[in-house]
Amino acid sequence: MGLLQDLKERILIADGAMGTLLYSHGVDRCFEELNLSKPEDIIHIHEAYIAAGAEVIQTNTYGANYVKLARYGLEDEVPSINRAAVRLAKKAAGNKAYVLGTIGGLRSINKSAVSIDEVKRTFREQLFVLLNEDVDGLLLETYYDLEELQTVLAIARKETDKPIIAHVSLHEVGVLQDGTPLSEALARLEQLGADVIGLNCRLGPYHMIRSLEEVPLPKKAFLSAYPNASLPDYRDGRLIYETNTDYFKETALAFREQGVRLIGGCCGTTPKHIEAIANALTDRTPITEKVVKQRHVPISIQTNEPNAAPPLQDIVRKRRSVIVELDPPKKLGIAKFLEGAKALKEANIDALTLADNSLATPRISNMALGSIVKEQLGIRPLIHITCRDRNLIGLQSHLMGLHTLGITDVLAITGDPSKIGDFPGATSVYDLSSFDLIRLIRQFNEGLSYSGKSLGQKTNFSIAAAFNPNVRHLDKAVERLEKKIQCGAHYFITQPLYSERQIEEVYEATKHLETPIYIGIMPLVSARNADFLHHEVPGITLSDEIRSRMAACANDPVQSAREGIAIAKSLIDAAFDLFNGIYLITPFLRYEMTVELVRYIHEKEQAAQERKVLHG
Ligand SMILES: Cc1cc2nc3c(=O)[nH]c(=O)nc-3n(C[C@H](O)[C@H](O)[C@H](O)COP(=O)(O)OP(=O)(O)OC[C@H]3O[C@@H](n4cnc5c(N)ncnc54)[C@H](O)[C@@H]3O)c2cc1C
Ligand code: MET
Ligand SMILES: [Zn+2]
């Protein structure tokens with residue numbers, strides 16, 4: 001008899017957690033390395049699960065891959081650790097249990113932390129060792145990212161005919177983190193050839209059962225569930241799980257009612273939990289019919305008001321567009337800021353962009369000021385959002401706040417690291433990369449939170465992303481733009497550029513993109529300001545001519561500003577015919593400078609239009 005033949009006829013019981021069990025016994029190092037250094041401990045755990053009733057056990061190889069072992073300097077031990085793991089499990093199992101070779105997912109909340117190429121490479125290496133050791137089947141578990149699981153499952157299916165069990169992990173009931181309903185995800189896994197499909201980790205039985213209520217009995221595959229013992233509690237720096245195992249008796253019956261044929265445990269479970277399941281399931285006959293609960297799809301309310309202004313990406317595609325940055329003050333008191341905002345509105349800008357603690361220095365919240373300029377002055381605020389200052393919870397709360405305030409224009413950026421700012425000891429969060437943040441906002445626009453949970457409404461964000469052309473290899477920066485477009489960026493805004501030649505180079509390097517770009521221009525205010533940018537800001541190089549022009553008026557602030565404006569005007573001239581979008585950065589709240597430049601752009605535009613009319 002084989003594993004699948006058995007599953008056809010009856011419910012099988014699997015083992016529970018390895019990692020959390022070791023951890024609860026005080027092991028606080030690489031769990032998989034113990035296959036080499038403490039083999040008897042691992043055998044002992046396998047035996048305890050079998051004694052409790054497990055008929056299917058898994059190798060201690062959840063994190064025995066190149067990426068995770070490298071954290072312990074053990075990346076060269078992938079073959080030896082996996083080989084040892086299978087031998088230990090087989091020794092414990094004898095002919096009493098099937099041995100599954102476990103491979104764990106790599107991507108969690110941060111999708112871009114591990115590339116798909118790396119996923120494939122890492123997976124193949126571990127897969128071949130496990131298959132060579134002749135496991136009875138494979139357990140692909142704890143995959144939050146469906147793309148990753150589909151990729152590795154396809155590889156495994158090509159390489160072996162042995163049973164493959166494929167498990168996703170959920171943050172929310174019934175839905176994966178990208179919004180895919182569980183039933184659809186499992187159907188895809190079945191289609192890719194998984195023999196057993198189901199869930200493990202993150203959720204306890206209650207939420208898993210609710211999730212499975214929406215899943216029909218698969219046609220060819222079998223369902224499985226390895227719930228956590230409970231939701232974890234955080235005590236004295238440790239994650240603690242519920243230890244009451246009676247609850248697992250009731251839930252085993254509920255899993256059976258959902259058509260689950262392979263029931264085990266994940267984090268926090270122990271041999272006692274498995275024993276409870278085994279005691280409860282005296283009748284191992286699987287159900288063959290099931291009433292499936294319809295997934296509750298919340299009605300999405302589109303927030304797009306009929307007369308809402310078109311998004312900036314549409315405006316800049318059609319006509320000249322000027323947006324201006326006016327940074328929130330570093331001190332309390334916003335009178336001068338509001339004066340500047342008003343003057344810029346009168347000069348006729350399309351949006352006022354508000355930085356998010358730029359240079360990692362605290363400023364008045366740009367959300368607060370954005371709301372004030374919108375409500376009091378009728379200005380369209382464009383809010384920069386860094387990944388530096390807010391974790392995944394804070395970012396989502398921030399986005400919901402912006403939506404609630406009716407602010408729809410955002411710029412998703414990594415953010416200058418805290419090290420460079422006024423509080424170098426502060427944490428730079430970076431739960432998400434700029435790519436992930438762009439994806440998150442796009443997901444909000446579909447009405448879904450990061451974990452795939454419905455937000456009840458769709459947001460309507462227009463998503464800008466940053467473009468830094470001040471790098472050695474412009475082609476690499478352009479590759480990042482392409483990736484940002486894939487993630488959902490609607491348009492780009494560049495760092496300030498300081499030479500006509502560079503503006504042309506940027507045009508040449510990006511003319512194949514259909515996504516609009518606003519070219520950044522920041523007027524210089526003094527020779528010192530020019531020297532600072534040239535010598536101290538990575539990537540920014542000012543031409544000798546510009547620096548000597550600024551140096552020539554070093555002791556005359558009025559003349560310096562004039563010269564700065566003149567230089568900015570020639571940069572505008574260079575950008576004018578190549579790009580519709582101009583992004584002006586106001587230096588040190590000196591808004592009279594950017595006001596003058598906005599006027600210059602509009603006059604130039606008007607003259608160009610008149611010429612066009614004249615010449616037909
Ligand atoms: C329009 C604009 C507005 C900004 N506003 C703010 C703000 O409000 N607050 C703030 O703190 N910061 C701000 N910044 C700065 C920005 O956060 C950092 O400069 C950032 O690293 C570049 O943009 P990003 O965050 O999208 O970078 P990403 O494209 O996410 O890049 C992140 C990091 O990857 C590396 N990288 C990027 N491109 C390359 C390349 N071609 N070659 C090698 N390495 C590369 C760099 O280390 C870079 O810092 C702004 C930048 C721009 C262009
Ligand atoms: C993090 S999910 C659990 C992985 C593995 N099955 C273990 O119990 O250690
Ligand atoms: Zn787990």
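Values in this document were obtained by computation on a predicted structure and should not be read as measured data. This chain uses plain numbering: 1 for the first residue, then up along the sequence. For ligands, and for the atoms within them, numbers begin at 1 and follow the listed sequence.
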(Q) Are any of the N/O atoms on E325, whether in the backbone or the side chain, positioned under 3.5 angstrom from an N/O atom of ligand 1? (A) no

**Q.** Contact bool for atom 32 (C) of ligand 1 (protein heavy atom, d < 4.0 Å)
**A.** yes

Q: Specify the protein heavy atom at minimum distance from atom 21 (O) of ligand 1: its residue, its atom name, and the distance to 0.1 Å.
A: T414 CB, 4.4 Å

Q) In terms of residue, atom name and distance, what is the protein heavy atom nearest to atom 40 (C) of ligand 1? A) V471 CG1, 4.1 Å

Q | Within-cut-off N or O pair, S434 and ligand 1, under 3.5 Å | A | yes

Q | Lys/Arg N to Asp/Glu carboxylate O, D350 vs R380, below 4.0 Å | A | no

Q | Atoms of ligand 1 close to A466 [distance to a heavy atom under 4.0 angstrom, numbered from 1] | A | 23 (O), 24 (P), 26 (O), 52 (C), 53 (C)

Q) In the protein, what heavy atom is nearest to atom 15 (C) of ligand 1, and what distance, to one decimal place, separates them? A) D416 OD1, 3.4 Å

(Q) Using a 4.0 Å heavy-atom cut-off, which part of K484 comes near ligand 1: side chain, backbone, both, or neither? (A) side chain

Q: Return yes or no for this condition: an N or O of R388 is under 3.5 Å from an N or O of ligand 1.
A: yes

Q) Just one of N357, D327, D356, T353 clears the side chain to side chain donor-acceptor pair (under 3.5 Å) bar with H384, so which one? A) T353

Q | Contacts of the Zn ion (ligand 3) with protein N/O/S atoms, counting only those under 2.8 Å | A | C201 SG, C266 SG, C267 SG

Q) Can you list the atoms of ligand 1 that are under 4.0 Å from a heavy atom of N357? A) 11 (O)

**Q.** salt bridge (Lys or Arg N to Asp or Glu O under 4.0 Å) between K483 and E479, worked out
**A.** CA-CA 6 Å; K483 196 164 165 201; E479 278 172 22; over 6 Å; no

Q: Do me a favour and list the nearest non-hydrogen protein atom to atom 37 (C) of ligand 1 with residue, atom name and distance?
A: R480 NE, 3.3 Å

(Q) If we check side-chain contact (heavy atoms from CB on, under 4.5 Å) with L584, which of these qualifies: I519, L344, V322, I349? (A) V322

Q | Any protein heavy atom nearer than 4.0 Å to atom 43 (C) of ligand 1 | A | no

Q.
Closer than 4.0 angstrom, basic N to acidic O: yes or no for D431 and R388?
A. no

Q | ligand 1 N/O within reach of H384 N/O, cut-off under 3.5 Å | A | yes

Q) NZ/K38 to NE2/H44 distance, rounded to the nearest 0.5 angstrom? A) 13.0 Å

Q. Can you find a protein heavy atom closer to atom 46 (C) of ligand 1 than 4.0 Å?
A. no

Q | Which residue and heavy atom of the protein sit nearest atom 6 (C) of ligand 1, plus the separation | A | I413 CD1, 3.1 Å

Q. Any idea which atoms of ligand 1 are less than 4.0 Å away from a heavy-atom of A477?
A. 41 (N)

(Q) Can you confirm whether some protein heavy atom lies under 4.0 Å from atom 4 (C) of ligand 1, or whether none does? (A) yes

Q.
Which of the numbered atoms in ligand 1 are under 4.0 angstrom from any heavy atom belonging to G415?
A. 10 (C), 11 (O), 12 (N), 17 (O), 25 (O)

Report each N/O pair between ligand 2 and the protein that falls under 3.5 Å, naming both atoms.
from     : atom 1 : to   : atom 2 : distance (Å)
ligand 2 : 6 (N)  : Q58  : OE1    : 3.3
ligand 2 : 6 (N)  : E141 : OE2    : 2.6
ligand 2 : 8 (O)  : M18  : N      : 2.8
ligand 2 : 9 (O)  : G19  : N      : 2.8

(Q) With a heavy-atom distance limit of 4.0 Å, tell me whether Q495 approaches ligand 1 through its side chain, its backbone, both, or neither. (A) both

Q) With atoms numbered from 1 as shown, which atoms in ligand 1 lie under 4.0 angstrom from a non-hydrogen atom of L411? A) 1 (C), 2 (C), 3 (C)

Q. Counting each atom of ligand 1 from 1 as listed, which ones have a heavy atom of I493 under 4.0 Å away?
A. 1 (C), 53 (C)

**Q.** Distance-only N or O hit between ligand 1 and N468, under 3.5 Å
**A.** no

Q: Determine, counting only non-hydrogen atoms of the protein, whether one lies under 4.0 angstrom from atom 8 (O) of ligand 1.
A: yes

Q) Looking at A355, which atoms of ligand 1 are within less than 4.0 Å of one of its heavy atoms? A) 8 (O)

Q: Please check if a non-hydrogen protein atom sits closer than 4.0 Å to atom 49 (O) of ligand 1.
A: no

Q.
Can a side-chain donor-acceptor contact be found between E275 and T245 if the only test is distance below 3.5 angstrom?
A. no

Q) Any idea which atoms of ligand 1 are less than 4.0 Å away from a heavy-atom of T386? A) 9 (N), 10 (C), 11 (O)

**Q.** No-hydrogen, no-angle side-chain donor-acceptor test under 3.5 Å, S224 and H167
**A.** yes

